[in-house]
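Working notes, beginning with the structure itself.
Labels below follow one simple rule: chain letters A, B, ... track the order of the sequence lines, proteins then strands, and each chain is numbered from 1. Since the model is a prediction, treat every value here as computed from it, not as a measurement.
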Amino acid sequence: MKAKVYVTLKPGVLDPQGKAIQHSVELLGFERVADVRQGKYFEIALEDNVAAEEAHNAVTRMAAEVLSNPIIEDYRVEFEA
Amino acid sequence: MKFGVIVFPGSNCDHDAYHVISKHVGQPVDFIWHRQTDLSTYDAVIIPGGFSYGDYLRAGALARFSPVMNSVKKFAQSGRLVLGICNGFQILCEAGLLPGALIRNSGLHFICEHITVRVEASDTPFTNELQRGRVLRIPIAHAEGNYICDDLTLAELKRDNRIVFRYCDSEGAITNASNPNGSRDNIAGICNRERNVLGLMPHPERACEDLLGSSDGRDIFRSLAATVAAAAA
């Protein structure tokens, strides 16, 4: 089983990297970009015999306690069979 | 009186801190490898600057899981002194020993320069030899020093006088122009509720000798040593 975790900055948290990326894509010619926010993406492969509920609980805890910092970031977990 | 300097893979200001304690404070000091968990013989520990775990994931995020950090938590809970400098401050925030977080500098650049900070609180074990309002010239060297916290935390920090250092101009005025990294309210250093854990982004250990451009940082270590000595007496 594979889990995908998306970590994004909370709304309102300054993202200077996103701003710099936005500036670069504008230089590339895309002038109608309203906003760019940079985040992080993780792929976590679990062993085959891990039950769905256990996997969900484990990955959610990983996302909440390691992969994201709750003060500045939100996370979203997805599963793929 | 015994000091410890915690060493993570990627710490690089550990020797500076060690040097300051042994030479300028004149007290015994050990390096403590991050796998060590016995801190019982120490009165104060310093979490030094650097790039623990290569700043992977977030600055300080992985160091929090090193075995020594559980011991540092208990050490702090027992009332003994913990000083986190730069990456050490980031680690203390990630570990929940200090509130808030340190994010990328608003100007994106890694900044390495001498700046000035104003002492906002002299009633801490780390600043009791300093006058409130005094301006210290100390270097910073970081890419993630932009202090951020929610409104409630900021109000609490202010109410309890836990903002210990703020970026200021050379005259001591707190201005936007003197804020190098976008930190909320020009915050450069804070302490915990019990006042025995301090984190700051500037490097006082790099400002202990006139030859290096400033010796203003010495008084922070002098305060620390005086507090430990007074507690032992």
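- More than 12 heavy atoms of other residues, nucleotides or ligands lie within 6.0 Å of CD in A:Glu80, so this atom counts as buried by the packing criterion.
- Atom CZ of B:Arg64 sits about 7.0 Å away from atom CD of A:Glu65, to the nearest 0.5 Å.
- Both the backbone and the side chain of A:Val66 come within contact range of chain B, judged by heavy atoms closer than 4.5 Å.
- Summarising the local packing, CD of A:Glu78 is surrounded by more than 12 heavy atoms from other residues, nucleotides or ligands at distances under 6.0 Å.
- Atom CG of B:Asn176 sits in a sparse spot, with 12 or fewer heavy atoms from other residues, nucleotides or ligands closer than 6.0 Å.
- Closest non-hydrogen pair, B:Arg58 versus A:Leu67, comes out as NH1-O, 2.9 Å.
- Taking both residues in full, the closest heavy atoms of B:Ala101 and A:Ile71 are given as CB-CG2, 4.1 Å, listed atom of the first, atom of the second, then distance.
- With a 4.5 Å cut-off on non-hydrogen atoms, B:Ile103 touches chain A through its side chain but not through its backbone.
- Proximity to chain B (any heavy atom under 4.5 Å) is shown, for A:Leu14, by both the backbone and the side chain.
- The contact list for residues 142-163 of chain B toward chain A, using heavy atoms and a distance under 4.5 Å, reads B:Asn146, B:Ile148 by residue number.
- With values rounded to the nearest 0.5 angstrom, B:Cys93 atom SG is found 8.5 Å from A:Asn69 atom CG.
- The shortest heavy-atom contact between B:Asn105 and A:Pro16 is O-CG, 3.5 Å.
- Shown here is A:Phe30, whose CZ atom has no more than 12 heavy atoms of other residues, nucleotides or ligands within 6.0 Å.
- Summarising the local packing, CD of B:Glu171 is surrounded by 12 or fewer heavy atoms from other residues, nucleotides or ligands at distances under 6.0 Å.
- Counting heavy atoms of neighbouring residues, nucleotides and ligands inside a 6.0 Å radius, atom CZ of A:Phe79 exceeds 12 of them.
- Put simply, NZ on A:Lys19 and CG on B:Leu108 are 11.0 Å apart, with the number rounded to the nearest 0.5 Å.
- Around CZ of A:Arg37, the count of heavy atoms belonging to other residues, nucleotides or ligands within 6.0 Å exceeds 12.
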